[in-house]
A.B. asks: 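Quick one: the structure is below, questions incoming.
Every value quoted in this text rests on a predicted model; they were computed, and no experiment measured them.
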Amino acid sequence: MKRKNSRARIGVMGGTFNPIHYGHMVTAEEALSQFNLDSVIFMPSGQPPHKANKEILQAEERYLLTVIATASNPDFEVSRLEIERKGPSYTIDTLRELHKHYGPKTDLFFITGADAVWEILTWKDAENLVELTEFIAATRPGYSLEKFKKLHVLPEDKGIEKGRPKVSIMEIPALAISSTDIRNRVRENRPIRYLVPEGVANYIYKCKFWRDE
(Lines give C-alpha, C1' and ligand atoms only; values in the text may rest on other atoms or scores of the structure.)
Protein backbone atom coordinates (compact mmCIF):
# COMPACT_ATOMS: atom_id res chain seq x y z
CA MET A 1 0.00 0.00 0.00
CA LYS A 2 1.37 3.40 -0.97
CA ARG A 3 2.11 5.95 1.69
CA LYS A 4 -0.07 9.01 2.11
CA ASN A 5 2.26 11.92 2.62
CA SER A 6 2.63 15.40 1.23
CA ARG A 7 6.31 14.82 0.64
CA ALA A 8 7.42 12.66 -2.26
CA ARG A 9 10.08 10.01 -1.62
CA ILE A 10 12.13 9.02 -4.65
CA GLY A 11 14.90 6.47 -4.80
CA VAL A 12 17.83 7.06 -7.13
CA MET A 13 19.77 3.96 -8.05
CA GLY A 14 23.15 4.88 -9.48
CA GLY A 15 25.55 2.55 -11.19
CA THR A 16 27.17 1.57 -14.44
CA PHE A 17 24.69 -1.31 -14.97
CA ASN A 18 27.24 -3.15 -17.07
CA PRO A 19 24.98 -5.07 -17.36
CA ILE A 20 21.94 -4.60 -15.13
CA HIS A 21 20.95 -7.84 -13.39
CA TYR A 22 18.39 -9.21 -10.98
CA GLY A 23 20.50 -8.12 -8.00
CA HIS A 24 19.98 -4.49 -9.00
CA MET A 25 16.27 -5.01 -9.57
CA VAL A 26 15.64 -6.86 -6.32
CA THR A 27 17.54 -4.13 -4.49
CA ALA A 28 15.37 -1.41 -6.04
CA GLU A 29 12.17 -3.30 -5.31
CA GLU A 30 13.22 -3.92 -1.72
CA ALA A 31 14.09 -0.23 -1.27
CA LEU A 32 10.63 0.68 -2.55
CA SER A 33 9.08 -1.52 0.09
CA GLN A 34 11.35 -0.98 3.09
CA PHE A 35 11.68 2.79 2.70
CA ASN A 36 8.16 3.47 1.46
CA LEU A 37 9.36 5.10 -1.75
CA ASP A 38 7.07 6.36 -4.49
CA SER A 39 9.38 5.23 -7.29
CA VAL A 40 12.97 4.35 -8.11
CA ILE A 41 14.92 6.06 -10.87
CA PHE A 42 17.69 3.95 -12.38
CA MET A 43 20.56 6.28 -13.28
CA PRO A 44 23.09 4.67 -15.65
CA SER A 45 26.41 6.49 -15.47
CA GLY A 46 27.34 8.31 -18.64
CA GLN A 47 31.05 8.48 -17.96
CA PRO A 48 31.89 6.73 -14.66
CA PRO A 49 34.61 8.87 -13.00
CA HIS A 50 36.23 5.98 -11.14
CA LYS A 51 36.07 3.34 -13.86
CA ALA A 52 38.18 3.39 -17.01
CA ASN A 53 37.63 -0.10 -18.28
CA LYS A 54 37.28 -1.37 -21.82
CA GLU A 55 34.69 -3.85 -20.58
CA ILE A 56 32.23 -1.04 -19.93
CA LEU A 57 29.68 -0.82 -22.73
CA GLN A 58 28.78 2.48 -24.34
CA ALA A 59 26.36 4.54 -22.24
CA GLU A 60 23.53 4.16 -24.78
CA GLU A 61 23.90 0.38 -24.72
CA ARG A 62 23.78 0.23 -20.92
CA TYR A 63 20.82 2.60 -20.94
CA LEU A 64 18.94 0.39 -23.39
CA LEU A 65 19.62 -2.75 -21.36
CA THR A 66 18.31 -0.97 -18.26
CA VAL A 67 15.14 0.10 -20.09
CA ILE A 68 14.57 -3.48 -21.27
CA ALA A 69 15.04 -4.84 -17.75
CA THR A 70 12.71 -2.40 -16.01
CA ALA A 71 9.99 -1.92 -18.66
CA SER A 72 7.39 -4.09 -16.92
CA ASN A 73 7.58 -2.35 -13.53
CA PRO A 74 5.53 0.90 -13.33
CA ASP A 75 7.43 1.97 -10.21
CA PHE A 76 10.77 1.93 -12.05
CA GLU A 77 12.05 4.69 -14.33
CA VAL A 78 15.30 5.02 -16.26
CA SER A 79 16.93 8.44 -16.55
CA ARG A 80 19.16 9.77 -19.33
CA LEU A 81 20.42 12.59 -17.11
CA GLU A 82 24.00 11.36 -16.73
CA ILE A 83 24.16 9.95 -20.23
CA GLU A 84 23.30 13.29 -21.80
CA ARG A 85 25.50 15.37 -19.50
CA LYS A 86 29.03 15.82 -20.83
CA GLY A 87 32.05 14.96 -18.73
CA PRO A 88 32.42 12.57 -15.78
CA SER A 89 29.18 11.51 -14.08
CA TYR A 90 29.48 12.89 -10.58
CA THR A 91 26.67 12.09 -8.15
CA ILE A 92 26.65 15.61 -6.71
CA ASP A 93 25.80 17.07 -10.13
CA THR A 94 23.01 14.53 -10.63
CA LEU A 95 21.44 15.17 -7.23
CA ARG A 96 21.54 18.92 -7.74
CA GLU A 97 19.71 18.54 -11.04
CA LEU A 98 17.14 16.20 -9.50
CA HIS A 99 16.53 18.60 -6.62
CA LYS A 100 16.03 21.42 -9.09
CA HIS A 101 13.62 19.28 -11.12
CA TYR A 102 11.52 17.85 -8.26
CA GLY A 103 11.61 20.82 -5.90
CA PRO A 104 11.83 21.12 -2.12
CA LYS A 105 8.88 18.82 -1.34
CA THR A 106 10.73 15.74 -2.54
CA ASP A 107 13.17 13.65 -0.50
CA LEU A 108 15.83 11.78 -2.45
CA PHE A 109 17.32 8.45 -1.37
CA PHE A 110 20.47 7.37 -3.15
CA ILE A 111 20.65 3.59 -3.40
CA THR A 112 24.04 2.02 -3.88
CA GLY A 113 26.23 -0.83 -2.73
CA ALA A 114 27.62 -0.89 0.79
CA ASP A 115 31.19 -0.82 -0.49
CA ALA A 116 30.47 2.35 -2.47
CA VAL A 117 28.91 4.02 0.57
CA TRP A 118 32.12 3.43 2.48
CA GLU A 119 33.79 5.76 -0.04
CA ILE A 120 31.19 8.55 0.10
CA LEU A 121 33.49 10.99 1.82
CA THR A 122 35.95 10.67 -1.10
CA TRP A 123 33.30 11.63 -3.67
CA LYS A 124 33.24 15.04 -5.34
CA ASP A 125 31.82 17.76 -3.03
CA ALA A 126 31.03 15.17 -0.35
CA GLU A 127 30.28 17.83 2.25
CA ASN A 128 27.46 19.13 0.05
CA LEU A 129 26.45 15.72 -1.24
CA VAL A 130 25.41 14.48 2.18
CA GLU A 131 23.05 17.43 2.53
CA LEU A 132 21.15 16.51 -0.63
CA THR A 133 20.26 12.88 0.00
CA GLU A 134 20.00 10.01 2.40
CA PHE A 135 21.85 6.86 1.43
CA ILE A 136 20.50 3.32 1.30
CA ALA A 137 23.45 0.96 1.44
CA ALA A 138 22.59 -2.43 0.00
CA THR A 139 24.59 -5.37 1.24
CA ARG A 140 24.37 -9.11 1.52
CA PRO A 141 23.45 -10.76 4.85
CA GLY A 142 26.49 -11.24 7.06
CA TYR A 143 28.44 -8.33 5.56
CA SER A 144 30.75 -6.80 8.13
CA LEU A 145 29.43 -3.45 9.32
CA GLU A 146 32.48 -2.59 11.42
CA LYS A 147 33.86 -0.07 8.99
CA PHE A 148 30.55 1.79 8.92
CA LYS A 149 30.81 2.19 12.66
CA LYS A 150 34.24 3.72 12.17
CA LEU A 151 32.68 6.33 9.95
CA HIS A 152 29.89 6.91 12.46
CA VAL A 153 27.34 6.67 9.68
CA LEU A 154 25.02 4.01 11.01
CA PRO A 155 21.60 5.19 12.13
CA GLU A 156 22.30 4.29 15.75
CA ASP A 157 25.24 6.64 15.64
CA LYS A 158 22.86 9.48 14.79
CA GLY A 159 25.04 10.36 11.85
CA ILE A 160 22.94 13.37 11.03
CA GLU A 161 25.26 16.14 12.00
CA LYS A 162 26.44 18.41 9.21
CA GLY A 163 28.96 16.75 6.95
CA ARG A 164 28.07 13.20 7.98
CA PRO A 165 26.20 10.92 5.58
CA LYS A 166 22.82 9.61 6.63
CA VAL A 167 23.01 5.92 5.82
CA SER A 168 20.56 3.08 6.25
CA ILE A 169 21.71 -0.49 5.74
CA MET A 170 19.51 -2.82 3.69
CA GLU A 171 20.33 -6.52 3.40
CA ILE A 172 19.65 -8.14 0.01
CA PRO A 173 20.33 -11.88 -0.46
CA ALA A 174 20.36 -11.54 -4.27
CA LEU A 175 23.47 -9.33 -4.14
CA ALA A 176 25.55 -12.46 -4.69
CA ILE A 177 24.85 -11.73 -8.37
CA SER A 178 27.43 -9.42 -9.94
CA SER A 179 27.92 -7.75 -13.30
CA THR A 180 31.52 -8.97 -13.33
CA ASP A 181 30.40 -12.58 -12.99
CA ILE A 182 27.82 -12.13 -15.75
CA ARG A 183 30.43 -10.70 -18.14
CA ASN A 184 32.75 -13.59 -17.34
CA ARG A 185 29.97 -16.09 -17.92
CA VAL A 186 29.17 -14.57 -21.32
CA ARG A 187 32.84 -14.60 -22.27
CA GLU A 188 33.17 -18.24 -21.20
CA ASN A 189 29.89 -19.28 -22.85
CA ARG A 190 28.29 -20.14 -19.51
CA PRO A 191 24.58 -19.52 -18.80
CA ILE A 192 23.26 -16.19 -17.52
CA ARG A 193 19.60 -17.22 -17.51
CA TYR A 194 17.90 -16.34 -14.20
CA LEU A 195 20.70 -13.88 -13.42
CA VAL A 196 19.38 -11.20 -15.80
CA PRO A 197 15.93 -10.67 -17.37
CA GLU A 198 15.39 -12.69 -20.53
CA GLY A 199 15.25 -9.59 -22.73
CA VAL A 200 18.60 -8.42 -21.37
CA ALA A 201 20.19 -11.82 -22.02
CA ASN A 202 18.84 -11.90 -25.56
CA TYR A 203 20.20 -8.43 -26.32
CA ILE A 204 23.61 -9.30 -24.89
CA TYR A 205 23.81 -12.40 -27.07
CA LYS A 206 22.48 -10.63 -30.15
CA CYS A 207 25.08 -7.85 -29.90
CA LYS A 208 27.84 -10.27 -28.85
CA PHE A 209 28.86 -8.11 -25.92
CA TRP A 210 32.07 -9.27 -24.22
CA ARG A 211 32.54 -11.97 -26.82
CA ASP A 212 35.00 -10.30 -29.18
CA GLU A 213 37.47 -8.66 -26.80
A.B. asks: Considering all heavy atoms of both residues, which atom of A28 and which atom of V40 are nearest to each other, and what is their separation?
C.D. replies: O-CG2, 3.8 Å

A.B. asks: Can you sort out the partners of E77 under salt bridge (charged side-chain N to carboxylate O under 4.0 Å, His left out), two or more places apart, ordered by chain and number?
C.D. replies: none

A.B. asks: Please table the atom pairs, donor to acceptor, closer than 3.5 Å between any side-chain atom in residues 191-201 and protein atoms at least two apart or in another chain.
C.D. replies:
none

A.B. asks: Would you compute the distance between atom OG1 of T133 and atom CZ of F135 and round it to the nearest 0.5 angstrom?
C.D. replies: 5.5 Å

A.B. asks: Kindly write out the residues that satisfy side chain to side chain donor-acceptor pair (under 3.5 Å) with T91, not counting sequence neighbours, or none if the list is empty.
C.D. replies: none

A.B. asks: May I ask you to decide whether E82 forms a salt bridge with R62, counting only side-chain N to carboxylate O separations under 4.0 Å?
C.D. replies: no

A.B. asks: Going by ring pair (Phe, Tyr, Trp, His ring centres under 6.0 Å), name the residues that satisfy it together with F42, two or more places apart in sequence or in a different chain.
C.D. replies: F17, F76

A.B. asks: Return the set of residues passing side chain to side chain donor-acceptor pair (under 3.5 Å) with N202 (not counting sequence neighbours), or none when no residue passes.
C.D. replies: none

A.B. asks: E134: what forms a salt bridge (charged side-chain N to carboxylate O under 4.0 Å, His left out) with it, not counting sequence neighbours?
C.D. replies: none

A.B. asks: Going by the rule ring pair (Phe, Tyr, Trp, His ring centres under 6.0 Å), which residues pair with F109 if we only count those two or more places apart in sequence or in a different chain?
C.D. replies: none

A.B. asks: Could you check if a side-chain atom of T27 sits within less than 4.5 angstrom of a side-chain atom of H24, using non-hydrogen atoms only?
C.D. replies: no

A.B. asks: Between A59 and I83, which heavy-atom pair has the shortest distance, and what is it?
C.D. replies: O-CD1, 3.7 Å

A.B. asks: Apply the test side-chain contact (heavy atoms from CB on, under 4.5 Å) to residues L132 and N128: give CA-CA distance (whole Å), side-chain angles for both, the deciding distance (0.1 Å), then the verdict.
C.D. replies: CA-CA 7 Å; L132 295 177; N128 296 318; 5.6 Å; no

A.B. asks: Sort and list the pairs that fulfil side chain to side chain donor-acceptor pair (under 3.5 Å) and have at least one residue in residues 101-114, not counting sequence neighbours.
C.D. replies: R7-D107

A.B. asks: Please evaluate residues W210 and I204 with respect to the criterion side-chain contact (heavy atoms from CB on, under 4.5 Å), reporting the C-alpha separation (whole Å), side-chain torsions for both, the decisive distance (0.1 Å), and the verdict.
C.D. replies: CA-CA 8 Å; W210 307 298; I204 288 172; 4.0 Å; yes

A.B. asks: For residues S89 and G46, report the shortest heavy-atom separation together with the two atoms involved.
C.D. replies: OG-N, 2.9 Å

A.B. asks: In sequence, state the C-alpha distance, the side-chain angles, and the governing distance for T180 and R183, and then conclude on side-chain contact (heavy atoms from CB on, under 4.5 Å).
C.D. replies: CA-CA 5 Å; T180 300; R183 295 196 300 272; 3.4 Å; yes

A.B. asks: Residues in side-chain contact (heavy atoms from CB on, under 4.5 Å) with S33, at least two apart?
C.D. replies: none

A.B. asks: Contact between T66 and M13 at the side-chain level, heavy atoms closer than 4.5 Å - yes or no?
C.D. replies: no

A.B. asks: Restricting to salt bridge (charged side-chain N to carboxylate O under 4.0 Å, His left out), what partner residues turn up for R80, sequence neighbours left out?
C.D. replies: E60, E84

A.B. asks: To check you understand the geometry: which heavy-atom pair defines the closest contact between D38 and L32, and what is its length?
C.D. replies: C-CD2, 4.1 Å

A.B. asks: Using the test salt bridge (charged side-chain N to carboxylate O under 4.0 Å, His left out), find all partners of R190 that sit at least two apart in sequence or belong to another chain.
C.D. replies: E188

A.B. asks: Taking side chain to side chain donor-acceptor pair (under 3.5 Å) as the definition, give me every residue that meets it alongside E30, ordered by chain and number, with sequence neighbours left out.
C.D. replies: Q34

A.B. asks: Measure the shortest side-chain to side-chain distance between V78 and P44 over non-hydrogen atoms and say whether it is less than 4.5 angstrom.
C.D. replies: yes

